[in-house]
S.K.: 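Below is a structure I'd like to ask you about.
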Amino acid sequence: MRNLFIVIIINVLFLGCMNNQEVTQEDCKKQGKIFKVEKVLNFRTGTYEDRASCI
């Protein structure tokens, strides 16, 4: 029972990290924020990717 509880907790933590929602310009405008796109390095692939965020 204890092992099952530990496995469930670990799965919940990883599922929270995998939640990748794309940010759109419309969402930022609705929130009254500025839409910004940055190029960031993906360490796993070694390539640069665009990351969108609201500031």
S.K.: Output the distance between atom CG (Asp27) and atom CZ (Phe35), rounded to the nearest 0.5 Å.
M.R.: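 One finds 9.5 Å between CG of Asp27 and CZ of Phe35.
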S.K.: Nearest 0.5 Å, please: how far is CG in Leu4 from CD1 in Ile9?
M.R.: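 The CD1 atom of Ile9 sits 10.0 Å away from the CG atom of Leu4.
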S.K.: Between Phe43 and Tyr48, is there a shared hydrophobic cluster once you connect ILVMFWY residues whose side-chain heavy atoms come closer than 4.5 Å?
M.R.: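 Yes, Phe43 connects to Tyr48 through the hydrophobic network.
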S.K.: Any heavy-atom pair between the side chains of Glu38 and Asp50 that's under 4.5 Å?
M.R.: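 Asp50 does not reach Glu38 side chain to side chain.
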S.K.: Run the side chain to side chain contact (heavy atoms under 4.5 Å, CB included) test against Glu49 and tell me which residues pass, sequence neighbours left out.
M.R.: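 Per chain and number, Glu49 pairs via side chain to side chain contact (heavy atoms under 4.5 Å, CB included) with Asn42, Thr45, Thr47.
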S.K.: State which residues pass side chain to side chain contact (heavy atoms under 4.5 Å, CB included) with Lys33; sequence neighbours excluded, sorted by chain then number.
M.R.: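 Per chain and number, Lys33 pairs via side chain to side chain contact (heavy atoms under 4.5 Å, CB included) with Gln31, Cys54.
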S.K.: For the atom pair NZ (Lys36) and CZ (Arg51), what is the distance rounded to the nearest 0.5 Å?
M.R.: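 Separation between the atoms: 11.0 Å.
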